[in-house]
Amino acid sequence: MAIIAVAGSTGYIGGRLVPMLLDAGAEVRVLTRNRDKLRDVPWRGQVEIVEGSMEDADTARALCEGAETVYYLVHSMSGDRQSAGAFEKVERRCALNLSRASRDAGVKRLIYLSGLHPQGELSRHLASRTEVGEILLASGTPTAVLQAGLVIGSGSASFEMVRHLTDVLPVMPAPRWVLNKVQPIAIRDALHYLLGAARLPPETNRTFDIGGPEVLSYAEMMRRYADAAGLRRPLVVPLPVLTPWLAAQWVNLVTPVPRSLAVPLVESLQHDCVAREQDIAAHIPEPDGGLTPYGRAVQLALHKIEADTVETTWATAHALSAPAEPLPSDPEWAGLTVFTDERSKTTDAPAARVWAVVEGIGGDNGYYSLPFAWAVRGWMDKAAGGVGLSRGRRSNQHLQLNDAVDWWRVETLEPGRLLRLRAEMIVPGRAWLEFEVSPVAPADGGSPEGGSVFRQRAIFFPRGLSGRLYWLAVLPFHGIIFKDMANRITAAAARP
């Protein structure tokens, strides 16, 4: 059986494409920087895993060896002004590595997901994506570059931006680009074209514009979202004084999208992004029932959110240049400066019920202590360009390794026993929040399920003097917040 390889399997698109390939009977190989990120995905045991980065030529060769088709769904989305030119170099190097590896391995088809863009001057990120497509088209391996507009689906960055701007602001001062034309595409239709591209004839080596059936302005997208969500349509007031950079800061503050992602998203909206050709229709038939209208795509996304069945979100993907740093084991702390806050509570509630509360922490469920203080800290993080608390969770009830939980990332997950969250907030150091649940044998005359011991630990490795001063500044609040959190989590578990 021919192998289909996917680079970007931990991302929003790749995480949905892989199970569809498996359902179609394909033998799938995936690339990830860290195989542990895939530990809890339902299809983990059905794929071959290559661990590494496309920046490494050997990794690219391992991904392509014996593969018939390679999907390239990797993008660097850094909006950091200090990294001028850095992400372009990374994307160029990765594309060149894939180009050589696919040619040497005899890959029959490369498929790259790029973005719709106008003629003329482009934003840095759209220009870089265009360059990657050109490199792959010149690789000698037949390549299909699918150029998509805004992808609308539960958990997509574009959808989350529209959703939160509309939910929060009945009157929205906006930059003039909200009147520009865009052609959004439903995630189901984007996946349909990605799957179909694997069946293109070998002589096909070109770009294809793909989009939904409607061309809308960004303002109209917000109004149509309000209709689908049962909200009053927002009043959108275009202001010529809002520059792209200022608009990105506004998006960062009001939506879950952090500044590093808001900047490239906003920059890509400065011009009309509409399909200039519909040639894809001659090669890949439309889905049964036709392409999904924008309003229907919004309804489908909202339904998945309400049903708590969101498979992937934009927050599951890491930037190419941001490897994770796990918590060192306790013995390795020797000689290092580390601050901790530890709490322990014994409760009559069985361990399973305490764990259910722990696994549901964050997002809409909150943190069981001083919600106003958490909200203020979230706004402070947003103002500094961080993710804040509005990123939420993929699921309100269940967690997987590598899931985002507000400004945390699930670093360690041992179901029923241990949850460790690594902070992704802007803070002068490295921070974790850890929860552990242990069962206690039932006492004579007590519940047959027994009680449990709940342990909670906050860990902070300060960076320099600023890190030490930060911990001292928040220490009085921690004494209230973390104590209250432990008490309320165990109390919530004890309630019927």
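In this text the structure is predicted, and so the values were computed from the model without any measurement.
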Salt-bridge test for E424 and R422: reply yes if a basic N is under 4.0 Å from a carboxylate O, no otherwise.
yes

Mind checking the CG-CD spacing from D227 to Q299? Nearest 0.5 Å is all I need.
10.0 Å

With sequence neighbours left out, write down each residue that passes ring-ring contact (aromatic ring centres under 6.0 Å, His included) with Y218, or none if nothing qualifies.
W177

Minimal heavy-atom distance between Y112 and G133, with the atoms involved, is CE2-N, 3.8 Å

Rounded to the nearest 0.5 Å, what's the gap from CZ on R353 to CZ on R495? Could you check?
10.0 Å

Relative to the ring of Y367, is the ring of W374 parallel (under 30°), tilted (30 to 60°) or perpendicular (over 60°)?
parallel

Which residues pass the salt bridge (charged side-chain N to carboxylate O under 4.0 Å, His left out) test with R343, sequence neighbours left out?
D341

Check: P285 main-chain N/O paired with H192 side-chain donor or acceptor under 3.5 Å
yes

Donor-acceptor pair, R39 side chain versus L413 backbone, under 3.5 Å?
yes

Can you check whether L146 reaches I280 side chain to side chain, under 4.5 Å on heavy atoms?
yes

Quick one: does R233's side chain get under 4.5 Å of E220's, heavy atoms only?
yes

Find out whether F477 and R377 are in side-chain contact, i.e. whether some heavy atom of one side chain is under 4.5 Å from a heavy atom of the other.
no

If you look at every heavy atom in I185 and A190, which pair is closest and at what distance?
CD1-N, 3.8 Å

Side chain of T130, backbone of L126: donor and acceptor closer than 3.5 Å?
yes

Indicate yes or no for a side-chain donor-acceptor contact from D381 to the backbone of V387 under 3.5 Å, with no hydrogens or angles considered.
yes

Other residues, nucleotides, ligands: >12 heavy atoms within 6.0 Å of R188 CZ
no

Between V182 and S217, what is the shortest heavy-atom contact and its length?
CG2-C, 4.4 Å

Rounded distance (nearest 0.5 Å) linking atom CG of L401 with atom CG of L38:
9.5 Å

Go through Y225 and H164 one step at a time and tell me if the ring-ring contact (aromatic ring centres under 6.0 Å, His included) criterion holds.
CA-CA 10 Å; Y225 168 85; H164 281 79; 9.2 Å; no

Under 3.5 Å donor-acceptor, H75 side chain and L113 backbone:
yes

Sorted by chain and residue number, the salt bridge (charged side-chain N to carboxylate O under 4.0 Å, His left out) partners of E359 (sequence neighbours excluded) come out as none

Is L418 close to E434 at the side-chain level, that is, under 4.5 Å between some pair of heavy atoms?
yes

Could you state the interatomic distance from CD1 (I49) to CZ (R29), rounded to the nearest 0.5 Å?
12.0 Å

With a 4.0 Å cut-off on N to O distance, would you call R457 and E436 a salt bridge?
no

Checking side chain to side chain contact (heavy atoms under 4.5 Å, CB included) for the pair I187/F159: CA distance, chi angles, key distance, verdict?
CA-CA 10 Å; I187 177 63; F159 175 73; over 6 Å; no

Give, for atom OG of S9 and atom CZ of R16, the distance between the pair rounded to the nearest 0.5 Å.
14.5 Å

Examine the side chains of Y368 and N487 and answer whether a donor and an acceptor come within less than 3.5 Å of each other.
no

Looking at side-chain heavy atoms only, is the closest gap between M221 and I152 below 4.5 Å?
yes

Looking at N396, is its backbone amide N or carbonyl O close enough to the side chain of N365 to form a donor-acceptor pair, meaning the two atoms are under 3.5 Å apart?
yes

Is it true that atom NZ of K304 has more than 12 heavy atoms of other residues, nucleotides or ligands lying nearer than 6.0 Å?
yes

Does V151 form a side chain to side chain contact (heavy atoms under 4.5 Å, CB included) with S158? I'd like the steps, not just the answer.
CA-CA 6 Å; V151 176; S158 301; 5.5 Å; no

Taking all non-hydrogen atoms of both residues into account, name the closest pair between I210 and L116 and its distance.
O-CD1, 3.9 Å

Below 4.5 Å, heavy atoms only, C-beta onward: do V41 and R44 meet side chain to side chain?
yes

Which pair of heavy atoms, one from D406 and one from G362, lies closest together, and at what distance?
OD2-CA, 3.5 Å

For the pair R409 (side chain) and N402 (backbone), establish whether a donor and an acceptor sit closer than 3.5 Å, ignoring hydrogens and angles.
yes

With a 4.5 Å limit on heavy-atom distance, are the side chains of Y193 and E286 in contact?
yes

Quiz question: by atom type and distance under 3.5 Å, do the side chains of R394 and T313 form a donor-acceptor pair?
no

Report the distance from atom CZ of R109 to atom OG1 of T69, rounding to the nearest 0.5 Å.
8.0 Å

Worked verdict on M161 versus L150 for side chain to side chain contact (heavy atoms under 4.5 Å, CB included):
CA-CA 11 Å; M161 201 162 88; L150 299 179; over 6 Å; no

Are the side chain of E277 and the backbone of D279 linked by a donor-acceptor contact shorter than 3.5 Å?
yes

Closest approach of T143 and L136, non-hydrogen atoms and distance?
OG1-O, 3.0 Å

D23, CG: over 12 other non-hydrogen atoms inside 6.0 angstrom
yes

Show the numbers, then the answer: is there a side chain to side chain contact (heavy atoms under 4.5 Å, CB included) between T10 and T312?
CA-CA 9 Å; T10 58; T312 61; over 6 Å; no

Quick one, F435 and V354 - any side-chain contact, counting heavy atoms below 4.5 Å?
no

Between F460 and the options Y470, F482, W432, the ring pair (Phe, Tyr, Trp, His ring centres under 6.0 Å) test singles out Y470

Check: W408 main-chain N/O paired with R391 side-chain donor or acceptor under 3.5 Å
yes

Main chain of L327, side chain of E411: is a donor-acceptor contact present, judged purely on distance under 3.5 Å?
yes

